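Since we're looking at a predicted model, the values are computed, not measured. Throughout, protein chains are lettered first and strands after them, A, B, ... in sequence-line order, and every chain is numbered starting at 1.
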Amino acid sequence: MEKSFEPAQIESTWYARWEASGVFKPSGQGEPYCILLPPPNVTGTLHMGHAFQQTVMDMLVRYQHMRGMNTLWQVGTDHAGIATQKIVENQLAVEEKTRHDLGRDAFVERVWKWKEESGSTITNQMRRIGAAADWSRERFTMDEGLSAAVRKVFIDWYRAGLIYRGNRLVNWDPALGTAVSDLEVNNVERDGHMWSIRYPVADSNESLVVATTRPETMLGDVAVAVHPEDERYAHLVGKTLKLPLSDREIPVIADDYVDKDFGTGCVKITPAHDFNDYAIGQRHKLPPITIFTLDAKVNDNAPAKYRGLDRYDARKQVLADLEALGLLVETKPHKLQVPVSQRSDAVIEPMLTDQWFVDLTSDKGRKEITEPALDAVRSGEIRFVPENWANTYTQWLDNIQDWCISRQLWWGHRIPAWYDEAGNIFVGEDEADARANATSEPVGALRQDDDVLDTWFSSALWPFSTLGWPLDGPVKDAHGNVVADWQHDKIFLPSAVLVTGFDIIFFWVARMVMATKYFTGRIPFREVYINAIVRDAEGQKMSKSKGNTLDPLDLIDGIALEPLVAKSTRSLLIPQVRAKVEKRIRKDYPDGIPAIGTDALRFTFAALASYSRTINFDIKRAEGYKAFCNKLWNAARFVLMNVSSPLPTGEGSKPATEAERWILTRLSQTLAEVEQHFVSYRFDHLAQALYEFVWNEYCDWFLELAKPALNGDDTEAAASTRHTLLVVLEAVLRALHPVIPFITEEIYQDVAPRLGLVEINVYARPYPRPADFASDAAASAEIEWFKAVLSGIRKIRSEMNIAPGKVIPLLLADGDAADRTRATKFAAQIAFLARVETPRWIETGADEPATAAAVVGSLRVLIPLAGLIDLGAEKARLAKEITRIEVEIKKCEGKLGNANFVANAPAEVVAQERQRITDWNTQLAALREQAGKLST
RNA sequence: GGGUGCUUAGCUCAGCGGUAGAGCGUCGCCCUUACAAGGCGGUGGUCGUAGGUUCGAUCCCUACAGCACCCA
C-alpha cells in the first residue's frame, strides 16, 4: 500500500469496474428495495445539492444491498422543456437564426442531437460521486416508453373529464413566450414607485384617487373598487368614472378585498393582468380587457397612441400624459414584490390564454386526484422524514389550484389533441385514434395542438413509467436492450424512499403521489426523506452572482486559484458582479481548493446530514474527514504489515486478550447504533459513531494495545490479536462502505485474501450485524481501568514536562484486590505504552518518596518526583484537581440534601447520584492523602 | 399578512428533562519504526433575553429580540 491515502488513484478505476461487472443491477434475490432518483435536468451539471442527495441515496442503496435486499436505484434525466429549448435557441442565435427559421421538426431534431452529444454530463458526474445506480435502466422523460405513458395518462384523464382546456389567467413569460408554473416564478423585492392617479367621476366635480405600482395597466381597467364599509366612498359606489387616457367609462364597485387603510382605499381593477383583480372581475361579472400582446407590448384594445409600445415605455408615456392632464397626484418610492420568471429573469405578465389544465379543485377532481394524495400522507401510508414536512405537503394540497400543464414550446411531449375547423377537440394516441374516439363528426381537417406538456407532467409518472407502465411486457431501448418490464418490475412499486429537497415537495412529491395513486392504485414511495439545502459556510444561499458556489467536482479533484476564478466568472456578464465574485474567491480560496476526494466529500455530507433544514458546507470540515480517510488507510497499512500472509484457518480465531474482547464488544455496540441511525436517517450520528469507533477506539487504543501483544512472548495472544485486527478492520470496511465506497473497496482487496474471503467486492459482502461479534462487559471494564491508568500517567508526564521518550519509574499504592490483578495483567502494556519501568507496589504504611499522583478509584498511580518533577507544580496540580472534585461533590450533596429531590426523582437517578458521590469521595480521599504526603 | 425553522466553544454543527459534546481552529510538548493529513496533554461555553412549569431546564411552556426560509 502507498504510504498515504491518495484519493485520485483509488477512485480512478473502481467505478468503471463496478459498472461493467453489473453489480448495481437488481440481484433478483431478497425483498425489493427501490429508490427513484428525482431525475435531474438533462441540461444540468452536478451541484452540491445533487451531490448531497445522491450521497444519501447511495448510502441507502449500498446498505440495503449489503443487507440482502433486491435493490434498484432507478436513474435518468428529465427533458427540461424550457431549459433545453433555450440552449439550442441560443446556439441558433449565434448563427443569427431562430427556431422558426428551422421549423418545428428540424428544431426538435436538433435538440435531440444536442441531447445525444451533451446530455450525459450530469450522469457522468453522478458516477464520480460513486452512485450505485443501474445505468442499464437509465431513462429519459422523452423516451418512447415514457412518452407512451404521458399520452396514456393525458388521454385517460381527458376522457375521465379530469383534464380540460380553458381560457384562464396564467403566469406568462413574455421573453420565452410560454406559460410557466407558479413554482417557476420568484417574487423579488424591487424598488419601484407608488403613483396616485385621479379618476374623475362622470357628470360630477368629484373624483377618486387610486394608488398603483403599474399605471400602464389602467388602459385595461374595468372598475375601481372600494371597501363596502368605507364611508368616504359609500356615496360613489354604483357611480361611473371617466377612465383617463381612454374614452371609456368604468363603474365604482364595492368589494371587501380592498384594504381601507392601504393607500387611498381605492383600487383600480385590471382583471386581464392581475390575479386578484381577475377574481374581483369574476365576482362582479366584469369582462376583462387584455391590453398586452404576448410579448408584452400594448395591443389594439388600448388607445391608438400607446399601441405597439413595450409595457415599460407605455408606463412612461402614461405617466407623462397624466402629468400633463394634472391627474398625477403623487409619486413616491415604494418597495414592491415583482414576479420574475426563474427561467428567463423576465418580469411575468399575467395573461389570459387558452391552456390545458388538470382538474384538482372541482368535486370530481378533488375526489379522484387531490384527496387520495392527501389521504396517503394523512393516514401515514406515506411518511415524511423529518415528519413536520407533512404539514407543508398537506397545506399546499389543501390550497391547490388546477394544474396548468400546457407550455408554448416545441421541445416536449406534444399534446395529443386535435382541433377541427369548428374548434372542436379530439383527443387520442394519434389522429386516427382521436377520430375513432370522436363523439361528434369532425368539421373539415384536423390540426394537432401546437403546445407541449409541462416537463413535470412526465416527471410525475416517473415512479411507474420507468418500470415499464403502460406496456405489459418488456420495454426496449434503441439498441434492443430491455430497460424495463412492468410484469416483473412492478415489485419495485412502491419504492422505499424518495430523497429530495423541500423545494421540490410541490413539483415532485405531490404530483407523483397523485398520478401514481390514480393510475396504479399504489403509493409511489413509503417514505419521503427531505434533505437539507446546502449553503455556504456562512449560511448564505449558494449563487453564482455571489461567488459562493462550490462545484462538487472541484472539491473532489481540487482546483488551482486561477482556473477557479476563470470558471466562476465566465458566465457573469455584469463587470461589477464579476469583480465582486473574483475578489471573494481570491479571499476565500487564496490557494485554490485542495483535492479531498469523493470519499471525504461523501463522509462530510453524511456528517452534516442532521434533521436541520439547511447545512452550511464548511470546507474545513471536509478536510478533516479526508484526514479520517487517511487514518483508516494507515490503520489498514499497520494491520496488513503485521498480518503479511493469509491466516491459517482457525488460528487465533478465539480472542485471547481483554483488548480483543473489548474492541469486539465496542464494534458490536457501534454496529447496533449504526443500524438505528440508518432506520432514522440520522447519517450525522451514523458517521460520527463510525468515526469515533475507528479513530478513538480501534486506532487510538486497540492498535496501540496490539503492539505489545504482537511483539510479546505470548504466541497465542499474538496470533489471536492478528486475527482480531484483521476481522475488525474487515468489519469496519463493510460498515463504512456505504459512506466511503472507494477507499473501503481498495483496502478490502488486500484484506480479503488474508481472511480467505471469496467475495471479490466489499459490496458483495453482508453488512456487519451487532450479533456477529461477541460482547463481553467484563473485558470492557478491564480496558476502561487500563485507559484510566494510562491517561493518568500521560497527564502527569505532559503537565510535568517529562520528555516523551524518557522511561521513568512507576509506583502503585492503595487500591483493592482488583487493582492488583489488573496491574499484573496489564503490566507489559502499561510499561510499553506509558514508557515506565515495571510498576512496584508500595505496601500500606511503608515510607513513600515524594511523587506525583493520578488517582483511579482508590488506587494511587505514582511517579517519583526526584529529578523529574517540580514539587510546587505538583502541589498546585493536586490542589486544582481536589477543588474540581469538591465542586462536583457539592453539586451531588446539594441534590441529595434536597428532600424533594430524593422524594420525587426516579429511584435510579437518586441511586446514580449516591454512587457518584461515593466515587468522588473515594477519589478525593486518595488525592488528599497524596497532598498530605507531599506537604510533610 | 399567514406559516415553518433557527439562535449551544473562535468557526461549522450534534445534544433536547437528570455530571455540556464533535470536527476544525487555538496553546504546550513530541518528526516514538501505521499515520505530522500524525501522537500525547491542555485552553475554551452563565447553551439569544426575560418570565413560568418542575425536586431539577440547554432541553418543556409563554413573551420578547435577532436571523433564515416558504406561502400570499
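- At the phosphate of B:C55, OP1 or OP2 sits under 4.0 Å from a side-chain N or O atom of A:Asn904.
- Nucleic acid contact for A:Arg682: sugar-phosphate only, since backbone atoms but no base atoms lie under 4.0 Å from a heavy atom of the residue.
- B:C16 is unpaired under the Watson-Crick or G-U wobble criterion, no partner having all donor-acceptor distances under 3.5 Å.
- Residue-level contact check: A:Thr614 touches neither bases nor backbone, having no heavy atom under 4.0 Å from any strand.
- Note: A:Tyr691 and A:Tyr625 have perpendicular aromatic rings, judged against thresholds of 30 and 60 degrees for the angle between ring planes.
- Pair check for B:A68 finds B:U4; Watson-Crick or G-U wobble, both atom distances under 3.5 Å.
- Toward the 5' end of RNA chain B, the nearer of the two residues A:Phe5 and A:Gln912, judged by each one's closest nucleotide, is A:Gln912.
- At a threshold of 4.0 angstrom between heavy atoms, the contacts of A:Cys892 with the nucleic acid are absent.
- Here, B:G5 and B:C60 have their P atoms 12 Å apart, quoted to the whole Å.
- The side chain of A:Arg613 contributes no N or O atom lying less than 4.0 Å from OP1 or OP2 of B:C67.
- Pair check for B:U58 finds none; no Watson-Crick or G-U wobble contact set falls under 3.5 Å.
- Using a 4.0 Å heavy-atom criterion, one finds that A:Arg621 contacts the bases of the nucleic acid, with or without backbone contacts as well.
- Residues satisfying the side-chain hydrogen bond (donor to acceptor under 3.5 Å, both in side chains) test with A:Asn711, not counting sequence neighbours, are none.
- A salt bridge is absent between A:Glu623 and A:Lys626; no separation between the charged side-chain nitrogens and carboxylate oxygens falls under 4.0 Å.
- If you check every strand for non-hydrogen atoms under 4.0 Å, A:Trp920 touches a base.
- Few gaps surround CD on A:Gln342; more than 12 heavy atoms of other groups in view lie less than 6.0 Å from it.
- For A:Lys707 and A:Phe638, the positive end sits near the middle of the six-membered ring, less than 6.0 Å away and at most 45° from its axis.
- The residue A:Glu908 sits apart from the nucleic acid: no heavy atom pair falls under 4.0 Å.
- Under the Watson-Crick and G-U wobble criteria, each requiring two contacts below 3.5 Å, nucleotide B:A63 is paired to B:U49.
- Straight-line distance between the P atoms of B:G45 and B:C35: roughly 37 Å, to the nearest whole Å.
- Taking the ring centroids of A:Phe605 and A:Phe617, they lie under the 6.0 Å cut-off.
- Look at the C1' atom in both B:U49 and B:U8: the space between them is 15 Å, to the nearest Å.
- The pairing partner recorded for B:A9 is none, the criterion being a Watson-Crick or G-U wobble arrangement whose two distances lie under 3.5 angstrom.
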| Checking side chain to side chain donor-acceptor pair (under 3.5 Å) for the pair A:Gln395/A:Asn399: CA distance, chi angles, key distance, verdict? | CA-CA 6 Å; A:Gln395 278 171 19; A:Asn399 297 305; over 6 Å; no
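- B:U4 and B:U43 have their P atoms separated by 43 Å, with the value rounded to a whole Å.
- Across all strands, A:Phe628 comes closer than 4.0 Å to no nucleic acid atom at all (heavy-atom distances).
- Here the separation of B:A57 from B:G10, taken at their P atoms, is 24 Å to the nearest Å.
- An OP1 or OP2 oxygen of B:C71 is reached within less than 4.0 angstrom by no side-chain nitrogen or oxygen of A:Thr392.
- Spacing of C1' atoms, B:C40 relative to B:C31, comes out at 14 Å, to the nearest Å.
- At a threshold of 4.0 angstrom between heavy atoms, the contacts of A:Asn399 with the nucleic acid are absent.
- Note on A:Leu703: a base of the nucleic acid sits closer than 4.0 angstrom, heavy atoms only.
- When the side-chain nitrogen and oxygen atoms of A:Lys620 are compared with OP1 and OP2 of B:C11, none of them lie within a distance under 4.0 Å.
- With B:U32, B:A34, B:G41 as the candidates, the nucleotide lying closest to the side chain of A:Ser798 is B:G41.
- Phosphate contact (OP1/OP2 of B:U4, side-chain N/O of A:Trp396, threshold under 4.0 Å): absent.
- For A:Gln688 and B:G23, the shortest distance from a side-chain N or O to OP1 or OP2 is not below 4.0 Å.
- B:C16 and B:C61 have their P atoms separated by 15 Å, with the value rounded to a whole Å.
- Across all strands shown, A:Lys880 has heavy atoms under 4.0 Å from sugar-phosphate atoms exclusively, and none from any base.
- Both distances falling under 3.5 Å, in either a Watson-Crick or a G-U wobble arrangement, place B:G41 opposite B:C27.
- The side chain of A:Arg916 places an N or O atom within less than 4.0 Å of a non-bridging phosphate oxygen (OP1 or OP2) of B:U19.
- Taking atom C1' on both nucleotides, B:U26 is separated from B:C11 by 12 Å, rounded to a whole Å.
- Considering only residues two or more places apart in sequence or on other chains, A:Trp172 meets the side-chain hydrogen bond (donor to acceptor under 3.5 Å, both in side chains) condition with none of them.
- Regarding A:Ile889, its CD1 atom lies at a distance of 16 Å from the P atom of B:U19, rounded to whole Å.
- For the pair A:Ser610 and B:A14, the criterion of a side-chain N or O lying under 4.0 Å from OP1 or OP2 is met.
- In this structure, A:Lys631 reaches the bases: a heavy-atom distance under 4.0 Å links it to at least one base atom across the strands shown.
- At a threshold of 4.0 angstrom between heavy atoms, the contacts of A:Asp700 are confined to the sugar-phosphate backbone, with no base atom among them.
- Residue whose closest nucleotide on RNA chain B sits further toward the 5' end, between A:Ala803 and A:Asp684: A:Asp684.
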